[in-house]
Participant: 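Structure provided below as structure tokens; questions to follow.
Labels below follow one simple rule: chain letters A, B, ... track the order of the sequence lines, proteins then strands, and each chain is numbered from 1. Not measured: the values here are computed from a predicted model.
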Protein chains: 2
Amino acid sequence: MRDTMLDERTKRVLYAVVESYIEKPEPVGSRYIMKKYGFDVCSATIRNIMSDLEDAGFLSQPHTSAGRVPTDRAYRFYVDYIFHKALLSQSQEIKKIIESLTKKLRKLRNNMDSLFLEATQSLSQATRYLGLTLLPATEKTALHRVDFIKFKEDLVIAVVVNDKGIVKNKIIKAYPEITQKDLNSLADFVNQNYHGKTIDEIRVDMMIRLKKEKLFWDKLISKILKMCQEALNFSREDVYVSGFYHIMHLPDFSDIEKLREVAKTIQDRHLLLKLFENISEDEDMKVIIGQENPVEEFRSFSIIASPYKEKDKSLGVIALVGPKRMNYQRAIMLVNAFARSLTRTLSD
Amino acid sequence: MRDTMLDERTKRVLYAVVESYIEKPEPVGSRYIMKKYGFDVCSATIRNIMSDLEDAGFLSQPHTSAGRVPTDRAYRFYVDYIFHKALLSQSQEIKKIIESLTKKLRKLRNNMDSLFLEATQSLSQATRYLGLTLLPATEKTALHRVDFIKFKEDLVIAVVVNDKGIVKNKIIKAYPEITQKDLNSLADFVNQNYHGKTIDEIRVDMMIRLKKEKLFWDKLISKILKMCQEALNFSREDVYVSGFYHIMHLPDFSDIEKLREVAKTIQDRHLLLKLFENISEDEDMKVIIGQENPVEEFRSFSIIASPYKEKDKSLGVIALVGPKRMNYQRAIMLVNAFARSLTRTLSD
DNA sequence: CATTAGCACTTAAATAAGAGGAGTGCTAAA
DNA sequence: TTTAGCACTCCTCTTATTTAAGTGCTAATG
């Protein structure tokens, strides 16, 4: 049964159950709903509706004589229902948080690492959930400058500074005969020709240009080219995480096992990045609920994520991980506001 | 009462109680001790001894009619007792672990970040406790090369590569009139004069030299000097942490509050560094038990730490955080072996 | 005088039984 | 279709009882 198949009253009941359960993590009864939400029907009617909702997979019962608990499907319905309203509204409290954040970010705008760290920490602080930020991919950002530094006999350290002031480095094997002077020339060449281009563009263009000029067939150049390509091949790997201790004492996780899985995932950059794979940077804000998440370790949680941009170019994602039973309204408002604040700071 | 005041038999009992409690986290009774450790006296005698040990602050009772539990003082006695033996002995299992570790480290010896990460993770993996590694302080390592990169109007990014191949960068305010060319000259100057010196030495020497040559009074030079000093002023900040999820399901922390404190501490670089302040890098291996730890958040834990070196110069510390009720014998052996493996890898 | 046997005493933990209560599902009537 | 009414289910809380582990004390022992 699709949401759209539910009649208006049924939807109201479903909404009420989810909201109640979010407020207090206890199975919700028919009488409670009736009174609290002022339904003009008796509890038995609500009971029938709830029974229908259970058949349709929106609610479940811990045991026969207990109230009902929302399933992931119910949360999905709930979130779809409040989503647009949440995106548009903004409470006084949140305005204050964002004002203070924007001020802080503005001050850090020359130090990207601190800036993203601050955003992650503030988000976690404001929500008491787990904050995550995926940093801009180095290959997508514009080159400010590159340096190649000879290190020991056969190693070269490539230091890349992008237009955000983020410094990345990579150690690569090189040929012992290359001198620091050669490396300087190479760096000069790259800097002069490619300043302002993205790393991706550079790698492509470099290949094309050298092919065209037939330099490709020169063995030495070919070697250097290969090295250069490798030096500029960064794998995306930077994610900031903050606030694990906040989600540690949510009643939802009194069973420690789910928390352990998260702790393990946080530790494992690989898994963490996998989490972001499913959040396209081009889409707008996204809410992933429980089982919807392809990353197994996060199936007990919900994730709210939004890309942040520079002008119109998407750079990365800021996200929130909390219990499925989270305050979606507030969380959506906050993640949205945080992404916009980041975008504003990065755009001017 | 000092340990030395205890007679031989009393010591044996104390040792037995601690060992038993480490094996199984349940209050230890007199009869159990008597039978398991083959004492040739009756349980009442053991009982008397245990009562004495309680008066002396080595044991405590959860309630009147329960067995005894070791206090921090008892753990201290126990660790002092086994310490030297543990340092010297080495099981077959540990030999294997270390062999495999050393192989891995050797492969990573050109990439310090990965090397220390690997060591931290392996330590945590081998012990199922929390692994920590304090990285070499930038100021104590020798300069390989420095670059100054102009970024936007009034910023300079200083990129420092040390002799370990670790790249650090720092964004500092500069004077708009400084050109990239000026910065190149400055970098050349530093590189030519100070290659191989430690950052600390450089900062001191720079000051002395400029004073001597009266250049100190030249306003421009003075400005640049100030900038350079700032650029080379790195605060120590790199700690690797691994394996929080391991300590999450120890029976010792079924009460989640203690774990939360650790989670918070891990998140907070500041606190984490404070932890290492009390572990001198010049001393040898150190065991810190519970209340002995100046960092409040770790008072429910024990820490085993050992410096690792390059030749004879101490570079940093590798440490293990586990429950007070940890397998000290094995943990001490492992931390010691890990530190030695690191030292060996870094020294040749 | 240290050690022991013996026993009363303490306490937590496990078990059982019962009361209370929230909430359901069903039926028959409105 | 909705409602009132009621039997029924199952959890939770309380209280009591038992069990078992282990102590502390006392008086006897070598």
Participant: Between P on C:dT24 and CG on A:Asp52, what's the gap in Å once rounded to a whole number?
Facilitator: 14 Å

Participant: What does nucleotides 16-28 of chain D look like as a protein-contact string, B for base, S for sugar-phosphate only, - for none, at under 4.0 angstrom between heavy atoms?
Facilitator: ------BBB----

Participant: Flag yes if more than 12 heavy atoms outside B:Gln90 fall under 6.0 Å of its CD atom; otherwise flag no.
Facilitator: yes

Participant: Rounding to a whole Å, what distance do you find between A:His63:NE2 and C:dG23:P?
Facilitator: 10 Å

Participant: What pairs of residues pass the ring-ring contact (aromatic ring centres under 6.0 Å, His included) test when at least one of them lies in residues 251-278 of chain B, not counting sequence neighbours?
Facilitator: B:Phe253-B:Phe301

Participant: Among residues at least two apart in sequence or on other chains, which ones pass side chain to side chain contact (heavy atoms under 4.5 Å, CB included) with B:Arg31?
Facilitator: B:Lys35, B:Ser43

Participant: I'd like to check the ring pair (Phe, Tyr, Trp, His ring centres under 6.0 Å) partners of A:Tyr15; sequence neighbours left out, ordered by chain and number.
Facilitator: A:Tyr78, A:Tyr81

Participant: For B:Ser300, give me all partners under side-chain hydrogen bond (donor to acceptor under 3.5 Å, both in side chains), at least two apart in sequence or on another chain.
Facilitator: none

Participant: Rounding to 10 degrees, work out the angle separating the end axes of the helix from C:dC1-D:dG30 to C:dA30-D:dT1 (five pairs an end).
Facilitator: 20°

Participant: Quick one: A:Asp55 CG to C:dT24 C1', roughly how many Å, whole number?
Facilitator: 14 Å

Participant: By side chain to side chain contact (heavy atoms under 4.5 Å, CB included), which residues pair with A:Pro62, not counting sequence neighbours?
Facilitator: A:Pro27, A:Ala66, A:Val69

Participant: Atom pairs, N/O to N/O, protein against nucleotides 27-30 of chain C, distance under 3.5 Å?
Facilitator:
none

Participant: Taking side chain to side chain contact (heavy atoms under 4.5 Å, CB included) as the definition, give me every residue that meets it alongside B:Asn327, ordered by chain and number, with sequence neighbours left out.
Facilitator: B:Tyr129, B:Gln329, B:Arg330

Participant: Taking only residues two or more places apart in sequence, or in another chain, which ones meet B:Lys36 in a side-chain hydrogen bond (donor to acceptor under 3.5 Å, both in side chains)?
Facilitator: B:Glu23

Participant: Between A:Gln121 and A:Tyr240, is there a side-chain donor-acceptor contact under 3.5 Å, judged purely by atom types and distance?
Facilitator: no

Participant: Send over the distance from A:Ile49 CD1 to C:dT24 C1', rounded to a whole Å.
Facilitator: 15 Å

Participant: Could you tell me the separation between the CD atom of A:Glu26 and the P atom of D:dT12, rounded to a whole number of Å?
Facilitator: 10 Å

Participant: Starting from P on D:dT1, measure out to CZ on A:Phe39 and report it in whole angstrom.
Facilitator: 18 Å

Participant: How would you list, by chain and number, every residue that makes a side-chain hydrogen bond (donor to acceptor under 3.5 Å, both in side chains) with A:Glu54, sequence neighbours excluded?
Facilitator: A:Arg68

Participant: Listed by chain and number, what are the side-chain hydrogen bond (donor to acceptor under 3.5 Å, both in side chains) partners of A:Lys264, not counting sequence neighbours?
Facilitator: none

